There are 2 protein chains.
Amino acid sequence: MRILYVEDATDMAEAVAIRLSRAGMACDHADSVEAAEDFLAVQSYDALILDINLPGRSGTDLLQSLRARGDRTPVLMLTALFTVDDRVTALDLGADDYLVKPFDQRELEARLRALLRREAEQKSEDLVLGALSFSPASMTARVAGDPVDLTRREAALLALLLRHRGQVQSKERLYNGLFAFNDADVGLNAIELYIARLRKKLAGAGVTISTQRGLGYRIDADG
Amino acid sequence: MRILYVEDATDMAEAVAIRLSRAGMACDHADSVEAAEDFLAVQSYDALILDINLPGRSGTDLLQSLRARGDRTPVLMLTALFTVDDRVTALDLGADDYLVKPFDQRELEARLRALLRREAEQKSEDLVLGALSFSPASMTARVAGDPVDLTRREAALLALLLRHRGQVQSKERLYNGLFAFNDADVGLNAIELYIARLRKKLAGAGVTISTQRGLGYRIDADG
DNA sequence: TGGGCGGTGACAGGTTCGTGACAGCTTTAC
DNA sequence: GTAAAGCTGTCACGAACCTGTCACCGCCCA
């Protein structure tokens, strides 16, 4: 899951980015609307976290132009204000959710997960395939009820695959979901490595990760 | 995806072409506006990468005449200049994006992908025919819901046929969609080969690829 | 009946992928 | 604060598979 966090307070942005990456999300940080637009020109995101109070152009500006050009990426708005009016304005402009500063990081993560789930049109919180079930909230996997120890990256990769079960996901796409621009020099080859590690840990889970040479990977239930 | 890269620095062009082809894009290289127009007369492209500083006629010339004759192919401009004026000029002439030299190759790829994605989002719905469905986004084919493993070339060929279902596609046309001029030494015969492989893999899919001798191939639903 | 075009099996070459070993870094435990 | 454990990502080499050629056969049409 790739997130863009638009926020001018750098220290805060870093703290959030670290927590999110710990939760398996690749998070880029833009400190202005202009910077955010550069990121958006180059990379597509699964969600945006958008501070309203920015130096120069405001966050609502960005949201408006996003929606104007038909971009439906889920947006979570942040603000220090609390009036009902502001809330309504933000939602009318096309924000999907709203959080008042200061906020609890766990709440941010939870709301983000909710947005992403809505986007993927998942019925339930957990992703289930064969005997395997995965909970994005706790980043834990279970095979027939027994927990499987996955590392952060392994879990993030599994989540990406499961969200698009049955569809081939290109290596580049998985790479973009796993790594932010910060981790610039990581080789594409790392994906192969994590696929191998996942396959090993998920042996007997009733699922198969198959390789389409030159195209990517796909997860399916056995049988 | 077929790209035309207009650039007079041959060594640089080659490096870029290699990287792009590794990313699955067929990339032709023209070293002048005149050469580019020869390519464009003969072949249609999914995107153009256009250096502004060329010997003889400049890149903006080419862009202008393209747009003047109604060609909306996405264009990514390259230049050594950095002024806001140049940027605005290029965008006003109809360039879709803009990159300043020297640039990072990964950024070029990323921006190109973004351009192509924007273009592709409109036509990325699944192609359905008989019991066969193909999703261009994930390059996945299914027969009655069961995935069929296709290689990259097979998938590209199937997509071409399905986009023009019921119409005869000449062998040359299919060839041009699959190969760049660079792969010059690939025989036309390769198309026959891939048609054969597709027929084999799609047996029982409720579709038929029929041969029109001397004309080309056509895909239809059975019955 | 012959010429041209398309179909197909086998094969060589090249690319992509899988995987074990290893080094750097972070986290955890004491 | 230090040591141990574990996670991450690189490298290199071998295996698997895609790719396109060749050769040969069959079919269609004049």
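All figures in this text were calculated on a predicted structure; none of them were measured in a lab.
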May I ask you to list the residues of residues 146-169 of chain A, by number, that have any heavy atom positioned under 4.0 Å from an atom of DNA chain C? none
My understanding is that only residues two or more places apart in sequence, or in another chain, count here; which of them pass ring pair (Phe, Tyr, Trp, His ring centres under 6.0 Å) with A:Phe181? A:Phe39
Spacing between A:Leu188 atom CG and D:dG9 atom P, to the nearest angstrom: 13 Å
dist B:Leu63:CG -> B:Ile52:CD1 (nearest 0.5 Å) comes out at 8.5 Å
Residues 47-56 of chain A vs salt bridge (charged side-chain N to carboxylate O under 4.0 Å, His left out), sequence neighbours excluded, gives A:Asp51-A:Lys101
Nearest-Å distance for atom pair CG/C1', residues A:Asp183 and C:dG24: 15 Å
Less than 4.0 angstrom between a side-chain N/O of A:Thr211 and OP1 or OP2 of C:dG18, yes or no? yes
Given axes from five pairs at either end, by how many degrees does the helix from C:dT1-D:dA30 to C:dC30-D:dG1 bend, rounded to 10°? 40°
Got a donor-acceptor pair under 3.5 Å from the side chain of A:Arg213 to the base of D:dC17? no
Tell me, which pairs form a side-chain hydrogen bond (donor to acceptor under 3.5 Å, both in side chains) where one or both residues lie in residues 157-166 of chain A, sequence neighbours left out? A:Gln122-A:Arg163
C:dG6 OP1/OP2 closer than 4.0 Å to side-chain N/O of B:Lys171: yes
If a pair satisfies side-chain hydrogen bond (donor to acceptor under 3.5 Å, both in side chains) and one of its residues is in residues 174-198 of chain A, list it, with sequence neighbours excluded. A:Lys171-A:Glu192
Taking salt bridge (Lys or Arg N to Asp or Glu O under 4.0 Å) as the definition, give me every residue that meets it alongside B:Asp220, ordered by chain and number, with sequence neighbours left out. B:Arg218
Quick note, salt bridge (charged side-chain N to carboxylate O under 4.0 Å, His left out) partners involving residues 11-21 of chain A, not counting sequence neighbours, are A:Arg19-A:Glu109
In residues 189-204 of chain A, which ones come under 4.0 Å of DNA chain D, going by heavy atoms? A:Asn189, A:Leu193, A:Tyr194, A:Arg197
Distance in Å, B:Leu198 CG paired with B:Ile219 CD1, rounded so as to fall on 0.5 Å steps: 7.5 Å
With sequence neighbours excluded, what pairs up with A:Asp96 under the salt bridge (Lys or Arg N to Asp or Glu O under 4.0 Å) test? A:Arg67
Among residues at least two apart in sequence or on other chains, which ones pass side chain to side chain contact (heavy atoms under 4.5 Å, CB included) with A:Thr73? A:Leu48, A:Asp71
I need the CZ-C1' distance between A:Arg22 and C:dC25, as an integer number of Å. 13 Å
Counting just side-chain N and O atoms, does A:Tyr217 come under 4.0 Å of either OP1 or OP2 of C:dG18? yes
I need the CG-C1' distance between A:Leu215 and D:dT19, as an integer number of Å. 14 Å
Can you list everything that forms a side chain to side chain contact (heavy atoms under 4.5 Å, CB included) with A:Ser44? Sequence neighbours excluded, please. B:Arg117
